[in-house]
Amino acid sequence: MERRRKKLGEILIAQGMINEEQLLFALQEHKRTGVSLGIVLVKLGYITEDELQSVLGQQIHLDQRKRIGEVLLEQGLITEEQLQKGLDEQRRSGMRLGKCLVNLGYISELKLVDILSAQLDIQHVVLENFSFSRKLVRIVPKEMAEKYRVIPLFEQDGIITVAMADPTNLRTIDHLKFKTGKEIEPVIAAEKSILAAIERNYSAELEDMSTLLSEVTGNEELDLVAVEEGGEIATDEEGAQVIKLVNLMINKAIEEGASDIHIEPLERYVRLRYRIDGDLVEKNSIPLQLRAQIVSRMKIMAGMDIAEKRRPQDGRFQVRHEGREIDLRVSSYPVMTRKRGVNEKIVMRILDPDSKQLSLEDLGFLPRTKDLFNELIKRPDGIILVTGPTGSGKSSTLYTALRLIYDISLNIVTMEDPVEMHLDGISQGQIMPRAGFTFAEGMRSILRQDPDVIMIGEMRDTETCQMAIQAALTGHLVFSTLHTNDSPSAYTRLLDMGVEPFLITSTIIGVLAQRLVRRLCPRCRETYTPDPEVLARTGLRPGTQVFRGKGCKFCGNTGYKGRIGLYELLTPDEQISKLVLQRQPSDMIKQHALKRGDFDSLRRDGLRKVIEGLTAIEQVMGATQDD
């Protein structure tokens with residue numbers, strides 16, 4: 001009872017219905033008279049009975065805990081026959097008795113919540129008239145709120161009060177603690193009320209747009225470098241708002257260091273997400289009624305056909321941000337929604353051609369790998385492959401390598417799709433398949449340009465591979481990428497593409513596989529000892545201390561800031577050449593390299609970074625395979 005009184009007071013104060021002084025006086029009256037705190041507040045004139053019920057529902061009290069069926073019978077809310085039918089339904093469905101009674105129509109969900117509140121001694125909150133803090137609501141992602149049927153109400157003394165449909169679910173409370181980094185105090189609310197509150201406060205279309213637009217100042221106008229406007233003129237207030245909103249979305253994404261902007265049509269609203277440090281972060285939703293205009297605005301900026309909505313399109317444009325020209329690649333993709341038919345999803349990739357030049361140490365190369373890689377890239381001929389999935393940082397590694405070997409006496413030519421970063425002194429070409437400029441066709445032209453070093457964006461077909469090998473055999477150093485899981489798999493991938501084994505062993509001088517993981521925030525990282533089971537699974541000694549991110553303002557309470565690479569660099573020796581000539585599987589090549597002693601797998605490289613406090617053990621486990 002003491003717990004419920006405390007929470008009742010906190011809720012009313014958080015809603016601005018009473019102040020601390022009034023609560024203190026009401027508590028004294030409650031102790032003196034024995035009358036419930038809610039009724040005391042009403043009698044003192046601090047709140048009305050309607051106001052009390054509009055936020056807190058009916059305040060039912062039980063002298064002792066009883067089964068919910070008994071309580072409902074005592075309150076006269078159901079009959080013996082209805083209780084028996086509810087129990088039969090419970091046995092059949094496996095659901096809780098209260099839920100069964102609601103589904104059978106014997107009791108309202110709101111009345112059930114009142115009873116559960118008293119039975120569990122947890123405060124009941126009515127959400128229909130509750131005033132939510134938008135800033136606090138967004139601390140829990142919408143997907144998580146809908147999945148667990150929860151919504152944050154207010155925060156006091158570092159404790160967040162959360163409305164839950166099932167406040168007895170300790171696992172959900174633990175998940176919320178981990179996500180928010182704060183203690184959680186549950187209160188109970190009807191499931192339908194929680195879902196309705198989530199829809200109101202996470203969509204918040206027009207109000208959120210007003211908030212967004214209020215942030216726009218004259219200095220935040222988007223400076224388009226080149227764009228075909230197509231005669232579009234904002235002739236009304238809504239048109240001007242669309243332009244401002246698009247400008248703001250792009251500016252904010254660049255300022256927050258996002259790599260992609262996702263605009264996704266859902267049934268009841270349009271979701272806006274930024275990919276920051278590899279993770280998608282949900283932002284203010286876009287008003288549903290402005291979806292078509294916003295998509296059209298982006299397609300016009302990117303030089304795409306606004307009339308074509310039923311097939312994918314690609315486009316690009318440039319903006320000038322703080323004196324830098326930023327490239328944006330735009331992709332549209334038609335998606336089907338159940339109620340609204342075909343709508344277009346837009347993804348914009350943000351590319352800064354003049355971004356900060358990173359060293360191998362910045363990328364995450366450890367000393368031994370860095371020294372060996374430096375030796376390889378200074379060789380006069382051969383092929384160096386960088387492998388990994390899309391978005392693993394292969395292009396950044398190749399650009400860094402080209403910068404390191406650049407010399408006025410060298411002719412370095414690249415063939416990319418697309419050019420993501422401009423390098424002074426290096427001839428960079430961009431393939432255009434529609435114009436007949438493919439990787440294979442580009443290789444023929446590059447070899448007539450008298451190159452010393454060639455960088456091919458990706459070996460996609462047998463013809464490109466064969467020409468790259470011929471270039472390496474005739475005295476050129478060739479850099480390229482492949483999509484494989486690890487470095488030994490690059491050999492089997494080339495064999496699958498039809499390249500002869502003796503050509504592979506004659507030209508490949510190194511294969512670098514990589515992944516990107518989140519870097520721990522240097523300001524809030526702390527040491528801890530993982531569970532023995534986790535240490536055993538990773539091969540670390542029992543009792544080993546590693547690091548994790550606590551969360552702070554600098555990292556947005558995520559515990560991470562930026563990303564770092566995991567690398568495995570495989571250099572062939574005589575035994576590896578024999579295995580390739582025998583067309584042996586990649587696992588045998590990897591086992592030999594591990595036994596050799598100078599090869600670190602992705603997992604081992606990651607664990608070294610875990611021990612040094614550069615990343616978290618969970619990041620490495622999720623990004624790598626067991627050795």
Side-chain angles (χ1 to χ4, degrees), residues 277-278 358-377 384-389 391-394 396-397 400-401 404 484-490 510-550 555 559-571 586-587 589-627:
D277 293 339
L358 300 175
S359 65
L360 292 178
E361 292 90 341
D362 294 330
L363 293 176
F365 278 74
L366 294 177
R368 186 169 68 177
T369 308
K370 182 193 72 172
D371 293 342
L372 183 54
F373 190 67
N374 266 322
E375 289 178 18
L376 288 177
I377 63 178
I384 298 173
L385 294 175
V386 180
T387 76
S392 59
K394 299 187 295 294
S396 296
T397 301
T400 301
L404 288 172
T484 64
N485 290 329
D486 57 14
S487 49
S489 299
V511 183
L512 179 76
Q514 65 180 75
R515 295 289 188 279
L516 282 180
V517 294
R518 303 186 76 180
R519 187 190 291 264
L520 284 173
C521 174
R523 298 190 184 181
C524 66
R525 68 179 184 181
E526 60 181 11
T527 58
Y528 78 106
T529 303
D531 292 336
E533 183 183 345
V534 174
L535 292 174
R537 198 161 66 246
T538 59
L540 294 175
R541 290 193 300 271
T544 300
Q545 283 203 324
V546 295
F547 293 80
R548 62 184 173 191
K550 187 177 180 181
C555 62
Y560 299 99
K561 189 69 173 178
R563 290 192 286 177
I564 191 171
L566 309 182
Y567 302 94
E568 64 175 33
L569 179 55
L570 178 63
T571 54
S586 60
D587 286 347
I589 297 175
K590 188 168 189 175
Q591 288 306 315
H592 167 72
L594 289 169
K595 290 176 183 177
R596 197 170 64 183
D598 61 349
F599 171 80
D600 271 347
S601 66
L602 288 167
R603 172 68 63 88
R604 290 186 185 181
D605 186 72
L607 291 176
R608 293 184 193 279
K609 292 180 170 75
V610 166
I611 293 171
E612 290 185 18
L614 299 174
T615 189
I617 197 167
E618 295 82 7
Q619 291 285 311
V620 173
M621 297 288 284
T624 61
Q625 301 175 345
D626 290 330
D627 298 335

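Listed by chain and residue number, Phe373, Tyr567 satisfy the ring-ring contact (aromatic ring centres under 6.0 Å, His included) test with Phe365 (two or more places apart in sequence, or in another chain).
Side-chain contact between Leu376 and Leu569 is present, with at least one heavy-atom pair separated by less than 4.5 Å. By the 4.5 Å heavy-atom criterion applied to side chains, Arg596 and Leu570 are counted as neighbours. Under the 4.5 Å side-chain criterion, counting only non-hydrogen atoms from C-beta, Asp600 is not in contact with Glu568.
Atom CD of Glu533 has 12 or fewer neighbouring heavy atoms from other residues, nucleotides or ligands inside a 6.0 Å radius. The 12-atom threshold is not exceeded at CZ of Arg523, counting heavy atoms of other residues, nucleotides or ligands nearer than 6.0 Å.
Heavy atoms only, all atoms of each residue included: Pro488 and Ser586 are closest at CB-O, 3.5 Å. Annotation for Pro530 and Val546: closest pair CG-CG2, 3.4 Å, computed over non-hydrogen atoms. Between Ala593 and Phe599 the shortest heavy-atom distance is O-CB, 3.4 Å. Closest approach of Ser487 to Ala513, counting heavy atoms only: N-CB, 3.4 Å. Nearest heavy atoms, Ala490 versus Thr387: CB-CG2, 4.1 Å.
Counting only distance, with no hydrogens or angles, the side chain of Arg603 and the backbone of Thr624 share a donor-acceptor pair below 3.5 Å. Between the side chain of Arg525 and the backbone N or O of Gly613, at least one donor-acceptor pair lies under 3.5 Å. Side chain of Gln514 to main chain of Gly393: a donor-acceptor pair is present (N/O by atom type, distance under 3.5 Å, no hydrogens or angles). Panel note: side chain Lys394, backbone Pro389; a donor-acceptor pair is recorded below 3.5 Å. Put simply, the side chain of Asn374 never gets that close to the backbone of Asp371: no donor and acceptor are under 3.5 Å apart. Checked by atom type and distance alone, the side chain of Glu526 never pairs as donor or acceptor with a backbone atom of Lys550 at under 3.5 Å. A donor-acceptor pair under 3.5 Å links the side-chain atoms of Asp486 to the main chain of Ser489, judged by distance alone.
In this structure, the separation between OG on Ser392 and CG on Leu602 is 9.5 Å, given to the nearest 0.5 Å. Rounding to the nearest 0.5 Å gives a distance of 5.5 Å between CG of Leu366 and CD of Glu612. Between the OG1 atom in Thr400 and the CG atom in Leu360 there is a gap of 6.5 Å [rounded to 0.5 Å]. The distance from the OG1 atom of Thr571 to the CG atom of Leu512 is 11.5 Å, given to the nearest 0.5 Å. Atom-to-atom distance recorded for Arg563:CZ and Arg518:CZ is 9.0 Å, nearest 0.5 angstrom. Atom CG of residue Leu363 and atom CG of residue Leu566 lie 12.0 Å apart, to the nearest 0.5 angstrom.
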Under the side-chain contact (heavy atoms from CB on, under 4.5 Å) criterion, do Leu516 and Gln619 qualify, and how do the steps go? CA-CA 9 Å; Leu516 282 180; Gln619 291 285 311; over 6 Å; no

Does Thr538 form a side-chain contact (heavy atoms from CB on, under 4.5 Å) with Val620? I'd like the steps, not just the answer. CA-CA 10 Å; Thr538 59; Val620 173; over 6 Å; no

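Each of Thr615, Leu520, Ile617, Val517 was compared with Lys609 under the side-chain contact (heavy atoms from CB on, under 4.5 Å) criterion, and only Thr615 meets it.
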